[in-house]
Amino acid sequence: MTTNGHTDGVSSGKAIETRLFINNEYVSCKSGQTITVKNPVDDSVVTSEVQVAGPADVDAAVAAARAAFKSGPWKSFTGLQRAVCMNKLADLMEANMDDLCRLESIAMGQPIVVAKIFIGLSISQWRYYAGFADKIGGDMFPEDGDGTYKLVRYEPLGVCAGISAWNGTHVFICWKCAPAVATGNTIIFKSSEKSPLGALAMGKLVVEAGFPPGVINFISGGGETGHLLASHMDINKISFTGSVQSGKKVQQAATNSNLKRVTLELGGKSPSLIFNDADMDMALTQASQGFLTNTGQICAAASRTFVQEGIAPKFVEALKEKFEQFVHAMGDPLAPNTFLGPLADRIQFDRVMNFLEQGKKDAQLLTGGGRHGNKGNFIEPTIFLDPPKESKIYTDEIFGPVLVVKTFKTEEEVVELANDTSYGLAAYLYTSDITRALRVSANLEAGSVFINGPFMPTINTPFGGLKQSGNGGRESGKHGLMSYLEPKSILINMTASSKN
Ligand code: NAD
C-alpha cells in the first residue's frame, strides 16, 4: 500500500501524501515516527505512514520559513504578487475540491456535504485576504503642538505557526495562513493528528500557486510537535485552535520561551435561547440540523438549548422527532446524502460515550444515548432534558451529537443561565421581537451572536471567544489580519535644525 511516503488513496485510486511539506518539498521526517490514520466508519487503516515532525523537522521548517522571510524572493514580493499567489491557490482548491473533501471524510468522518461547505468557505476566505494584500497602509499624525511628525507602519511579525483541531482543517488553514501571508509573514501549519491528510495535500497546490519555498509549510504530529512550535525560540507568533486545556499549555510554552504572540481559539458550550414568540420551524431546524452539523463537532455548536415555558412541551416533542429522523441520515460520509457521520476517532467516541453514561445517571434521557450500529464510531443523536447545573453534560463541552435542553420563564433568567459558563464563544437566539433580540444579544457573553439563524462564520466578521473560549485577538475579517501585523511608530522631530 505504501511507497515513498505516498499511500494508496482509499477507494479513489489516488495517492495520499503522508510526508512533511517543508521549503516547497515533500520530505520524510527525521524523527522516524509515524501516525496511523483509521477511517472512523469502520476503523480500517487509511494509512500508517503519516510522518511526525520531531525536533529536527520542526527546526528545519522554522529555518526554511525564517530564510524565506529574511532573504528569499518573498521578501521583495509586492502585495499584488502575494495576492496573485493567494488567488491562484483558491482557484486550485476549487479545482481539487472533490479530493480535498474526500481526505477529510476518510480521516475524520466528515460528510462530503459538510466538507464542501467548509472548504467553500475557506476558498472565499483566501480570496478575501488576497484582496487585502496590497491595501495594508499605515497612519500619519501631524506635528501639531508637539513638533513631532508621526508615522505608524504595520509590519509583518516574521515566522508564524498555526496549530489546529481536526473538525474543519481547511477553515483553520485559511484563518491562519491566509492573513499571515497576505501581510508578508511566513508560516508553518501543524494539522491535527486526527486529520492530517488534507493539509499535506495542500503542499503541491502551494507550489503550483507560485509561493516561493519556505513561505507556507505543512507539518504533522500530535501534542509533542505542537509543543515544539509553541516553545520554539525562533517563531514570532502562534495561532492555536483546540481545547482550553491544550490552549493553556500553548500559552505557557510561548511565555516560557520567547514571549511569542499568541492567539487562542478554544472550545465552547454555546447557548441557544428560544422564546415563546420564535418562528417554531426555524428554531426546530436550528436546534436539530444546525446543532448536528458535522455530527455536533463544531466549536460554536449550540449545545445548551433553553426553551421558554409557553412553547416548551410542543417544542421538546417536535425536537425529539427531528433527532430521531436524523438517524436515517447517518452513514458513510462519502455518500452524497449522508448528513451525520461517525465521530472523528475512537478516542473521541469513547469520550462522548463516557458523557452519555454519566448523563443517564444525572438527567432524563429523551432520545438516543448510545452507539449507533456495531462498527465504527457512530453515536445516536441524543437529547438530555433538564440536567442539573453542576452535571458534566451541562457544564462541559462534549463535542458530539449530544444536546441538553432546559426550560426558562423570563428573559432575565435565561440570560443568567446562558452566561453561567466559563465559555463565551457563540450564542443563538430565536424571537420575532427585534428589540428583545438586540437587547439580549448585547447582554450575552459571547464572541458571536446569531439571531434567528444558524452558525455560519462569514469571511468579513471576526470570529473568536470571550472568557475561556479564546484570547489574543480574533480570526477572520480584518481583525484576523491585524493580528499578523506589528505596529511600528516612527517619530520625526520637525524642530531639529537643518545643517544647511
Ligand atoms: P486538542 O486541544 O486536543 O488539540 C488541538 C491541537 O493541539 C492538535 O493539533 C494537537 O496535536 C495540538 N496539541 C495538543 N496538545 C498540545 C500542546 N501541549 N502544545 C501544542 N499543541 C498541542 O483539541 P481537539 O480535540 O483537536 O479539538 C477539539 C477542541 O477544539 C474543542 O474544544 C473545540 O471546541 C476546539 N475548537 C475551537 C475552534 C475555535 O475556532 N474556537 C474551532 C474548532 C475547534
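When a ligand or atom number is given, it counts from 1 through the structure's own listing order.
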inquiry  = I'd like to know if Asp362 and Lys392 make a salt bridge, using a cut-off of under 4.0 Å between side-chain N and carboxylate O.
reply    = no
Exercise: do Thr169 and Glu104 side chains pair donor with acceptor under 3.5 Å = yes
Contacting atoms of ligand 1, where contact means under 4.0 angstrom from a heavy atom of Lys190 = 8 (C), 9 (O), 10 (C), 11 (O)
query = Which ligand 1 atoms are under 4.0 Å away from a heavy-atom of Trp166?
reply = 24 (P), 25 (O), 26 (O), 27 (O)
remark   = Quick note on ligand 1: atoms under 4.0 Å from a heavy atom of Val250 include exactly 19 (N), 20 (C)
query = Take atom CD in Glu224; do more than 12 heavy atoms of anything else shown fall under 6.0 Å from it?
reply = no
key: Atoms in ligand 1 with a heavy atom of Gly222 nearer than 4.0 Å   = 11 (O)
request  = Check whether the side chains of Ser239 and Lys176 place a donor and an acceptor atom closer than 3.5 Å, and report yes or no.
outcome  = yes
message = Would you say that more than 12 heavy atoms from the other residues, nucleotides or ligands in this model lie under 6.0 Å from the NE2 of His372, or not?
response = yes
message = I want to confirm something. Looking only at heavy atoms, which of His227, Gln245, Glu265 is nearest to atom 19 (N) of ligand 1?
response = His227
ask   = How about Ser220 and Gln51: does a side-chain donor come under 3.5 Å of a side-chain acceptor?
value = no
query = Can you find an N or O of Ser164 that's nearer than 3.5 Å to an N or O of ligand 1?
reply = yes
task = Name the closest protein heavy atom to atom 20 (C) of ligand 1, giving the residue it belongs to and the distance to 0.1 Å.
result = Gly226 C, 3.2 Å
task = May I ask which of Asp396, Leu266, Asn167, Ile298 has a heavy atom nearer to atom 41 (N) of ligand 1 than the others do?
result = Leu266
inquiry  = Taking only non-hydrogen atoms of Ser192, do any sit less than 4.0 angstrom from ligand 1?
reply    = yes
inquiry  = For Tyr26, does the six-membered ring have the charged nitrogen or CZ of Lys204 within the cation-pi criterion, i.e. under 6.0 angstrom from the centroid and within 45° of the normal?
reply    = no
Side chain Ser469, main chain Lys467, donor-acceptor under 3.5 Å = no
request  = Would you check if there is a donor-acceptor pair between the side chains of Ser195 and Ser192 at a distance under 3.5 Å?
outcome  = no
inquiry  = Below 4.0 Å, non-hydrogen atoms only: which portion of Ile163 touches ligand 1? Side chain, backbone, both or neither.
reply    = side chain
task = Only heavy atoms count here, so choose which of Gly223, Ala161, Gly162 is nearest to atom 22 (C) of ligand 1.
result = Gly223
Salt bridge (Lys or Arg N to Asp or Glu O under 4.0 Å) partner of Asp43, chosen from Arg346, Lys375, Lys38 = Arg346
Nearest neighbour in protein (non-hydrogen) for atom 27 (O) of ligand 1 = Ala165 CB, 3.3 Å
task = Report yes if some N/O of Thr241 lies less than 3.5 Å from some N/O of ligand 1; otherwise report no.
result = no
message = Could you identify the single nearest non-hydrogen protein atom to atom 28 (C) of ligand 1 and state the distance to 0.1 Å?
response = Phe399 CE2, 3.7 Å
inquiry  = Taking a cutoff of less than 4.0 Å between a non-hydrogen atom of the residue and any ligand atom, is Gly465 in contact with ligand 1?
reply    = no
remark   = In ligand 1, the atoms that come under 4.0 Å of a heavy atom of Lys249 are 18 (N)
request  = Would you mind checking which non-hydrogen protein atom is closest to atom 36 (N) of ligand 1, with the distance to 0.1 Å?
outcome  = Cys299 CB, 3.5 Å
query = Where is the nearest protein heavy atom to atom 7 (O) of ligand 1: which residue, which atom, and how far?
reply = Phe240 CE1, 3.1 Å
key: Residues, nucleotides or ligands: over 12 heavy atoms within 6.0 Å of Glu357 CD   = yes
ask   = Should Arg127 and Glu94 count as an ion pair when the cut-off is N to O under 4.0 Å?
value = yes
task = Would you mind listing which atoms of ligand 1 come within a distance below 4.0 Å of any non-hydrogen atom of Phe172?
result = 42 (C), 43 (C)
query = So with a 6.0 Å cut-off around CG of Leu438, is the heavy-atom count from everything else above 12?
reply = yes
remark   = Which of Arg474, Lys237, Glu475 passes side-chain hydrogen bond (donor to acceptor under 3.5 Å, both in side chains) with Thr263? Answer is Lys237
query = Taking N or O atoms only and a 3.5 Å limit, does Ser246 qualify as a polar contact for ligand 1?
reply = yes
query = Where on Glu193 is there a heavy atom closer than 4.0 Å to ligand 1, on the side chain, on the backbone, on both, or on neither?
reply = side chain
remark   = Near Glu397 (heavy-atom distance under 4.0 Å), the atoms of ligand 1 are 31 (C), 32 (O), 33 (C), 34 (O)
key: Selected option - heavy-atom contact closest to atom 2 (O) of ligand 1, from Ser243, Gly268, Gly242   = Ser243
query = Of all the atoms in ligand 1, which lie at a distance below 4.0 Å from a heavy atom belonging to Ser191?
reply = 9 (O)
